Amino acid sequence: MAGKRHRGWRTFLTNKYLKDKEKNFVEYDPEYPVKYAIFITEEEWVAFVAQRRDENFKKVSATNRERASNPTYAYKKGRLGYARLEEKILDETKSDATSLPPHVLWKEARVGKDGTVRDDVQHIYDECETLSQSISTAEDQENRSVLSRALNVPEYPGRVRGKGHGCTPTSLYKNPRRRNPSNQEVMETLQALQAQVLQLQKDNERYRCMEKCSSQLKETSEKASINCQNKFPEGISSCQLYLSSPTYRLVGKGKVHNTSGDLLHHRPLPDGHLKVSVDVVLDKDALLPIPDIVSETTLLRDAIGSFVAWPLDLIFIDDETPTKPASKDKGILRHNESVASQKEVFAQGSEQLSQKIGSRQKNKRDLPVTYLPKKGAFVPRYQISLETLVDSSDMATAGAIRLLDMEEDIFGYSCTETIGKEDLEHIFRHQELGVGVIHTYIRFLYDNFMRGNDQLSNRFRFLSSSLVNKALICREPDSCREYLVKRFMASSTNNLYLWPYNSGCHWLLLAIDPLKEVVYFLNSIDGEWTNYPDMKQLVDTSIKVFRSQRQARVPRTKSSNITWIKVQCPLQRNGIDCGYFVMRFMREIINMNQIEIPITYFDEYKCAHYTRLQLEQIKEELCQYFIEKRLISI
C-alpha cells in the first residue's frame, strides 16, 4: 500500500509540474515545488526531473500506459476491489465459506452490469476448473495459482491473482515441511503444559479466595458498620484494622492514607476501600480483604511494610487518647522551639512524675505495677515525659503525625519516615513495633554513634526495611536485588550492613559482610534461616551479582556457597519483644565496633534472655531522642 501511494505521488508531480495540458513533457526546466519542500529537497527534485525526462523511462511508461488502457480481460467492478467484492458475494449467497477460490473471484470481477460473461473469460474460468481438479496446492512446487497457469502468466512477487492486496503466494500456498519432534522438544512441550496447568490452578485458587473474601465482607457489612466512621481525616492517620469473618476482630495496625487520586500499585483503588500501610500484625493467620494478585500475597503478615486496600467500614482511626488542646499563650511552634524550652518541658514532666504514676495505678494497662516508684525501682522518666508532651500536643489528635528526615548516608537514599501517635503508643505500652519505630532508632544510632566518627560510619551501614521486606521480595524481587547490590557497591572497604527484616509477624536481624560473603543471622526466637527461603535467596543472589560486578575471583569450591552463620544471641520469652531485641542487637554490634560477630555472641553482652530493664533502656533512648530532636512540642 505504501508503494502504491508513493507511485501515485510521483505520477502527480510529473503531471502537475513536468507536463502541459496535453500531457506532453515541457521543454523548460520546471520550478522547484516549494509547497512540498518538507517531502522533497532541491537535489532530489533535480534527480527526479532528470529521471522522468530520460528516453528509456518515457518508452517504458508509454508501453505500460498503452497496455493498461486496453487490458485483455478488463476489470468491471470499478472501485469495489477484490476484498469487498468477495465479501459481497459471500453475503448474497449466505455461504458458510470464509473465502472464494481466486479464479471464481476473478471471473465475477469481469462480469458486466448486464450479467453477461465474455467467451474468453468463460474459457479461462473453465480451464481453471479443470486444472483445480488435477493439481493440488500441496503439489504446486512453483508457487503459481491455478489462475496464473490458465492465463499462462508469471505470478509476480508479493501478490496472488484474484485475491487483491495483502495476500502473498507464500502465505496462501507454501506449506512448511512437517517433521516429527525430537525427544527434547516433546519434554519441553510437556513441561510448558505442566507449568500452564499449575499456573491455572494457582490463579483459580487465588480468585476463589478473592471471591470468598468479598462474599464474607458483604454478608457481614451491617455488623462491621456498627461503629463505622464515615469520614476520615485527610492525609495520613494511624488506624486499627479489623476483619469481620470468621469473627469480628482486630487483626492489625497501620496508617490509612486518605488522599485524593491515590493509587495502589499504579492501579485505582476499589470502591469502598482506602489505601493502608501495614505496620503491625496481631493475627498471623488473618487474610487480606483483597489479595494482591501482582505479588500473590493473601496473608496480612506478608504485607508488613507494604500498601494494601482495606474496606472503609473495617478501618478505625486510633482516637483512644482524648484531645487536649494546648493553651494559646503557651503554644510553641516546633521550628521556633529552643533547646531550653525542651528542658523545661522535661523538668515539668519530672515534677509531674509522682502524679502521673499514681494515676496509672487505676489503669494497669498503661504501665505495669513493677514500675511503681519504690526504693531502687526503675522509673522510665523519658517515657513519661514524652507521653506528657504527646498528651499536651496536637499528637493527641487522631491522625496527627511527625516526619523524620532520613539522610542519604543512612539507607543510601534520602527519604522521610512517618511517625504517628500509634507508633509512640506502641513504645509506651510495650507493644509490637512497626517499621517507623525501627527506622527512628536507626537514625538515633547514626546520630549518636556514627555521625562524626569516620571509623564507625565507614564500617557499619544500614539497609532499609521499607525497600526490602517480605511483601516486596515476593512482588518486586528485581528492585529489591538492585537496591542491595547498589548499596553493596557504594563501599570500597569491608562493611557490615545491618538489615532489620520483618518476615510478617516477626523481626530479625541480618548482618551482611558482602566482601567476605558472610551473613550473620540473629533471630530472637531461635529459628533457622531455612525458614525464610525468599529472604535467603535474595541475599545470596545479591551477593553473587555484587561479586560479578566487582569482578572478584572466588575459589571454585566457594563459587556457589555463601557463608551463613547463626549467632547464639539472646532469646525472647514472649511474642512481642522481637523489635526491641533487634534494636538492641544493632546497638551492641555498633558499640563493639567489630565486623565479625562471634557465633556465641559478644562476651560483654552474652546472656540467655534480655531483662525487661535492658529493653526499657532502649525505649528510654528512643524517647529521649524524640524529646531532643523536638519532634513533639506543646
Side-chain angles (χ1 to χ4, degrees), residues 280 282 349-350 353-354 356-358 360-361 363-387 423-435 437-442 444-445 448-449 498 500-503 505-511 520-527 566-594 597-628:
V280 178
L282 303 178
S350 300
L353 182 60
S354 299
K356 187 79 175 178
I357 296 180
R360 291 188 174 188
Q361 297 182 23
N363 189 356
K364 295 182 180 180
R365 181 176 63 89
D366 293 336
L367 192 68
V369 178
T370 54
Y371 292 155
L372 295 179
K374 60 183 179 180
K375 187 175 181 180
F378 170 74
V379 179
R381 295 182 181 275
Y382 283 105
Q383 295 182 51
I384 296 175
S385 298
L386 181 60
E387 190 168 6
D423 292 316
L424 300 176
E425 290 290 334
H426 293 163
I427 301 173
F428 301 150
R429 311 298 177 226
H430 197 84
Q431 297 174 348
E432 297 92 340
L433 298 180
V435 66
V437 176
I438 301 293
H439 280 185
T440 301
Y441 191 76
I442 288 177
F444 160 77
L445 293 175
N448 289 272
F449 290 85
L498 304 180
Y501 173 74
N502 194 299
S503 63
C505 296
H506 175 64
W507 286 101
L508 56 87
L509 180 68
L510 294 181
Y520 298 97
F521 181 77
L522 291 84
N523 191 354
S524 58
I525 60 172
D526 197 26
K566 180 182 178 181
V567 179
Q568 299 174 16
C569 57
L571 302 178
Q572 66 188 76
R573 289 179 286 190
N574 56 34
I576 298 175
D577 290 343
C578 56
Y580 304 97
F581 272 60
V582 165
M583 292 191 293
R584 190 166 181 92
F585 290 158
M586 291 190 293
R587 190 189 194 284
E588 292 173 349
I589 291 172
I590 294 175
N591 195 46
M592 291 303 299
N593 195 14
Q594 296 181 18
I597 303 176
I599 297 180
T600 58
Y601 205 53
F602 303 110
D603 293 337
E604 292 80 355
Y605 301 109
K606 187 181 300 184
C607 60
H609 314 280
Y610 285 140
T611 64
R612 184 62 180 268
L613 177 60
Q614 289 175 302
L615 300 183
E616 288 296 328
Q617 290 172 351
I618 300 296
K619 295 164 61 177
E620 280 289 276
E621 287 179 335
L622 261 175
C623 294
Q624 181 181 0
Y625 184 70
F626 276 109
I627 294 174
E628 292 179 349

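Predicted model only: the values in this text are computed from it and were never measured.
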Hey, does Glu616 have a side-chain heavy atom less than 4.5 Å from the side chain of Thr611? no

Taken to the nearest 0.5 Å, the spacing of Met583 CE from Cys578 SG works out to 10.0 Å

Of all residues at least two apart in sequence or in a different chain, which pass the salt bridge (Lys or Arg N to Asp or Glu O under 4.0 Å) check with Glu432? none

Any donor and acceptor pair, going by atom type alone, linking the side chain of Arg584 with main-chain N or O of Gln614 inside 3.5 Å? yes

Got Val437 and Leu622 here, is their nearest side-chain heavy-atom distance under 4.5 Å? yes

Scan side-chain atoms only and decide if Glu620 and Gln624 contain a donor-acceptor pair under the 3.5 Å cut-off. no

Would you call Ile627 and Ser385 a side-chain contact if the rule is heavy atoms closer than 4.5 Å? yes

Going by salt bridge (Lys or Arg N to Asp or Glu O under 4.0 Å), name the residues that satisfy it together with Lys566, two or more places apart in sequence or in a different chain. Asp526, Glu528

Any chance you could measure Asp423, atom CG, to Leu433, atom CG, to the nearest 0.5 Å? 8.5 Å

Using the test ring pair (Phe, Tyr, Trp, His ring centres under 6.0 Å), find all partners of Phe581 that sit at least two apart in sequence or belong to another chain. Tyr610

Flag side-chain contact, heavy atom, 4.5 Å: Ile589 against Ile597: yes

Return each pair, listed once, that meets salt bridge (charged side-chain N to carboxylate O under 4.0 Å, His left out) where at least one residue sits in residues 598-607; pairs must be two or more places apart or across chains. Asp603-Lys606

Hey, are the side chains of Phe521 and Leu510 touching, using non-hydrogen atoms and a 4.5 Å cut-off? yes

Hey, what do you get for CD1 (Ile525) to CG (Leu508), rounding to the nearest 0.5 Å? 7.5 Å

Once side chain to side chain donor-acceptor pair (under 3.5 Å) is applied, do any residues pair with Ser524, and if so which ones, sequence neighbours excluded? Gln572

Where do Val280 and Gly434 come nearest, in terms of heavy atoms and distance? CG2-N, 4.0 Å

For Asn593, give me all partners under side-chain contact (heavy atoms from CB on, under 4.5 Å), at least two apart in sequence or on another chain. Gln455, Leu456, Arg459, Phe460

Looking at CG of Leu509 and CE of Met586, how far apart are the two atoms once the value is rounded to the nearest 0.5 Å? 6.5 Å

Run the side chain to side chain donor-acceptor pair (under 3.5 Å) test against His506 and tell me which residues pass, sequence neighbours left out. Asn523

May I ask you to decide if Pro598's main-chain N or O and Tyr520's side chain share a donor-acceptor pair within less than 3.5 Å? no

Using atom types as modelled and distance alone, determine if a side-chain donor or acceptor of Glu588 lies under 3.5 Å from a backbone N or O of Phe585. no

Can you name the side chain to side chain donor-acceptor pair (under 3.5 Å) partners of Asn591, sequence neighbours left out? Tyr605

Go through the structure and list residues passing salt bridge (Lys or Arg N to Asp or Glu O under 4.0 Å) with Asp577, not counting sequence neighbours. none

Sub-4.5 Å side-chain heavy-atom contact between Ile427 and Phe626: yes

Does His609 reach the main-chain N or O of Leu571 with its side chain, forming a donor-acceptor pair under 3.5 Å? yes

Name all residues meeting the side chain to side chain donor-acceptor pair (under 3.5 Å) criterion together with Tyr441; count only those two or more places apart in sequence or in a different chain, and write none if there are none. Glu621

Could you measure the distance from the CZ atom of Arg429 to the CG atom of Leu424? Nearest 0.5 Å is fine. 10.5 Å

Got Gln594 and Phe602 here, is their nearest side-chain heavy-atom distance under 4.5 Å? yes

pair Lys619-Phe428: side-chain heavy atoms closer than 4.5 Å: no

Closest non-hydrogen atom pair, Gly579 against Trp507: CA-CD1, 3.9 Å

Rounded to the nearest 0.5 Å, what's the gap from OH on Tyr580 to CG on Leu615? Could you check? 8.5 Å

Please lay out, stage by stage, how Ile438 and Asn502 fare under the test side chain to side chain contact (heavy atoms under 4.5 Å, CB included). CA-CA 11 Å; Ile438 301 293; Asn502 194 299; over 6 Å; no

